[in-house]
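Convention: sequence-line order gives letters A, B, ...; per-chain numbering from 1. The model shown is predicted, which means the values in this text are computed figures rather than measured ones. Computation of the quantities below employed the complete heavy-atom set of this structure, encompassing side-chain atoms and omitting hydrogens, waters and symmetry-equivalent molecules.
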2 protein chains.
Amino acid sequence: MSVEREISPRTIERLSLYRRLLLPHHEGEDSYIFSHDLAELAGVTATQVRRDFMQLGCMGVPRTGYRIGELLSGISGILDAPAGQRAALVGVGHLGAALLNHFSGRWRWLHIHAAFDRDPDKAGSVIHGCHCFPMSELSTLIRERKIDLGIITVPRDHAQEVANQLIEAGVQGLLNFAPIRLRHGDDIYVENVDLTSAFETVAYFARCRRPSLFISESHRGFPSLDDRKLRGDDVKS
Amino acid sequence: MSVEREISPRTIERLSLYRRLLLPHHEGEDSYIFSHDLAELAGVTATQVRRDFMQLGCMGVPRTGYRIGELLSGISGILDAPAGQRAALVGVGHLGAALLNHFSGRWRWLHIHAAFDRDPDKAGSVIHGCHCFPMSELSTLIRERKIDLGIITVPRDHAQEVANQLIEAGVQGLLNFAPIRLRHGDDIYVENVDLTSAFETVAYFARCRRPSLFISESHRGFPSLDDRKLRGDDVKS
DNA sequence: GAGTGTGAAGGCCTTCACAGCT
DNA sequence: AGCTGTGAAGGCCTTCACACTC
């Protein structure tokens with residue numbers, strides 16, 4: 001039985017990335033790749049790549065590299081559920097619709113099976129290939145169709161309630177785009193995609209790269225209109 | 001308050017979260033909050049919250065808590081650029097448009113100032129309050145309007161090229177939604193929002209919570225016959 | 001007693017360094 | 001030589017434990 005140790009979240013994310021990066025390089029059974037080449041593509045170190053593959057049980061060959069087909073099959077063995085997994089998306093606003101479009105028909109083993117929205121006008125419609133249902137049918141459908149995962153793209157104030165309904169109906173995992181942290185039991189895995197944090201984080205660290213702007217006393221008020229130097233042309237790889 | 005050491009990414013993300021969670025609780029100058037209450041909201045430990053606030057230089061008072069106004073102002077002192085920061089979004093597909101909608105007019109110190117798209121039909125239009133320009137004007141506008149940040153929501157195969165253009169034009173930070181890792185110099189900060197990884201990660205860990213489904217025939221390295229074919233992966237915004 | 005501030009310890013992840021294989 | 005596999009070391013982050021304050 002393959003119930004080994006749970007692989008760390010970071011590694012899982014990289015495996016998902018490696019798979020995407022490897023697919024275009026998989027031309028025939030005899031395609032190989034070196035750890036340092038994949039590392040370059042993935043923006044990590046070669047050692048990191050080798051360690052990740054160790055966990056897969058995939059071995060490389062010195063001066064030859066790793067067989068790509070073996071890597072892909074190893075990664076699929078970890079990431080893809082043998083019986084497949086189904087997700088439901090709740091909240092078909094702009095972001096929800098974009099995700100439906102983004103994920104629609106992309107994978108065979110993992111896909112968004114149904115969408116739900118509070119707006120009765122959306123119920124009954126098909127959005128990017130996904131049927132949209134009214135909230136009243138959420139519990140029933142999730143149970144009947146054995147949906148495992150929930151994607152939450154509703155406004156902040158409804159997120160917790162929606163999460164409760166999804167959990168109550170039996171999902172084991174949530175992908176949460178609402179700007180809060182959901183309360184939930186330990187038996188549920190929740191991944192937060194916090195767009196606001198991401199945006200503000202980029203802004204902060206981008207600023208840190210420019211020492212000149214980073215020294216500030218009393219951030220209130222508008223300093224000089226132009227104390228920034230656009231030192232462009234620093235493009236190198 | 002001037003900033004000495006660069007604060008860790010994790011802490012920055014939490015500060016952004018704390019701020020959002022605190023805002024609704026800020027009623028008047030005399031509102032206070034305990035570390036364990038904020039911890040509950042943020043889904044972290046109370047110790048973690050106190051450590052984060054240590055870095056802000058915000059002190060709490062035993063049996064009283066932290067003054068919310070002071071926290072908010074401390075967080076703003078770290079996160080918000082005194083002179084403001086501007087972002088440009090490239091790739092006004094479904095996801096790009098959703099982000100424009102999501103971020104439009106939300107903050108005073110950080111906002112999306114312009115959008116760009118390859119499609120000439122989109123150029124000239126206003127999408128969720130944001131002007132859309134053709135790609136040919138990207139360099140000029142970024143330089144002229146002193147745009148600091150780039151948000152990339154173009155398909156995979158154009159992402160690196162767009163990143164190069166943005167960097168060339170002088171942005172210091174990138175928020176990348178394309179499913180690859182961008183090559184860039186050390187003077188650029190890049191934050192990847194990897195929707196596919198997030199989805200697959202939730203699927204994996206949700207599965208781990210249910211031992212019954214997790215027992216599968218060993219995939220262990222060698223290509224099995226239940227060979228699953230994956231489709232290519234690509235951001236279709 | 002109830003909460004905070006913080007040194008010390010712990011845990012997780014990444015990198016180093018180097019042995020071993022081709 | 002060139003590249004992999006991996007113990008050991010390092011670094012970052014989080015948690016523990018407890019002194020301290022109101």
Side-chain angles (χ1 to χ4, degrees), chain A residues 4-18 22 25 30-68 70-71 74 78 181 186 189 192 197 201 204-205 208, chain B residues 4-18 22 25 30-68 70-71 74 78 181 186 189 192 197 201 204-205 208 220-221:
Chain A
E4 300 129 35
R5 199 169 46 82
E6 211 174 80
I7 296 176
S8 86
R10 290 298 197 71
T11 300
I12 291 292
E13 279 168 31
R14 280 191 301 268
L15 290 180
S16 165
L17 175 62
Y18 296 157
L22 287 172
H25 287 75
D30 282 333
S31 41
Y32 287 79
I33 193 167
F34 293 128
S35 61
H36 62 261
D37 287 331
L38 181 55
E40 168 102 16
L41 290 173
V44 299
T45 66
T47 305
Q48 181 77 81
V49 169
R50 293 202 298 273
R51 274 224 123 79
D52 289 336
F53 289 163
M54 259 178 62
Q55 298 199 46
L56 285 186
C58 285
M59 295 284 169
V61 179
R63 291 191 59 82
T64 302
Y66 296 83
R67 202 163 94 237
I68 294 181
E70 192 178 323
L71 292 176
I78 300 282
R181 290 305 177 266
D186 290 342
Y189 183 86
N192 295 291
S197 277
T201 300
Y204 172 79
F205 285 105
C208 289
Chain B
E4 331 292 344
R5 200 168 50 81
E6 208 175 84
I7 297 176
S8 87
R10 291 296 197 70
T11 300
I12 291 293
E13 279 168 30
R14 280 192 301 268
L15 290 180
S16 165
L17 175 62
Y18 295 158
L22 287 172
H25 287 76
D30 283 333
S31 41
Y32 288 79
I33 193 166
F34 293 126
S35 60
H36 61 262
D37 287 330
L38 181 54
E40 167 102 18
L41 290 174
V44 299
T45 66
T47 304
Q48 182 76 82
V49 169
R50 292 202 297 273
R51 274 223 122 79
D52 289 336
F53 288 163
M54 260 177 61
Q55 298 199 45
L56 286 186
C58 284
M59 296 284 169
V61 179
R63 289 192 59 85
T64 303
Y66 296 83
R67 202 161 96 238
I68 294 180
E70 193 178 322
L71 292 175
I78 301 283
R181 291 303 177 268
D186 290 341
Y189 182 88
N192 295 291
S197 277
T201 300
Y204 173 79
F205 285 104
C208 290
R220 287 309 241 174

Indicate the ring-plane relationship of A/Phe53 and A/Tyr18, choosing parallel, tilted or perpendicular according to the 30° and 60° boundaries. perpendicular
Quickly work out the B/Asp37 CG to C/dT4 C1' distance and round it to whole Å. 14 Å
side-chain contact (heavy atoms from CB on, under 4.5 Å) evaluation trace for A/Leu38 with A/His25: CA-CA 10 Å; A/Leu38 181 55; A/His25 287 75; over 6 Å; no
How many angstroms lie between CZ in B/Arg50 and CZ in B/Phe34, if you round to the nearest 0.5 Å? 12.0 Å
Length of the CG-C1' vector between A/Leu56 and D/dG5, whole Å: 14 Å
Rounded distance (Å) that lies between atom P of C/dT22 and atom CZ of A/Arg67: 16 Å
What is the distance from CE of A/Met54 to C1' of D/dA8, rounded to the nearest Å? 13 Å
Which parts of nucleotides 14-22 of chain D does protein reach within less than 4.0 Å, heavy atoms only, written one letter per nucleotide 5' to 3' as B for base, S for sugar-phosphate only and - for none? SBB----BB
Of A/Pro9 and B/Gly65, the one whose closest nucleotide on DNA chain C sits nearer the 5' end is B/Gly65
In whole Å, what is the span from the CD1 atom of B/Ile7 to the P atom of D/dC13? 11 Å
Hey, does A/Ile12 have a side-chain heavy atom less than 4.5 Å from the side chain of A/Ile78? yes
Would you please confirm or rule out a distance under 4.0 Å between OP1 or OP2 of D/dT4 and any side-chain N or O of A/Tyr32? no
In terms of heavy-atom contacts, B/Thr64 and B/Tyr32 come closest through O-CB, 3.4 Å
Main-chain N/O of B/Ile7 paired to A/Tyr204 side chain as donor or acceptor, under 3.5 Å: yes
What is the distance from CZ of B/Phe34 to C1' of C/dT4, rounded to the nearest Å? 10 Å
In whole Å, what is the span from the CD atom of A/Gln55 to the C1' atom of D/dG5? 13 Å
A/Leu71 CG to D/dT4 P, in whole Å, measures 11 Å
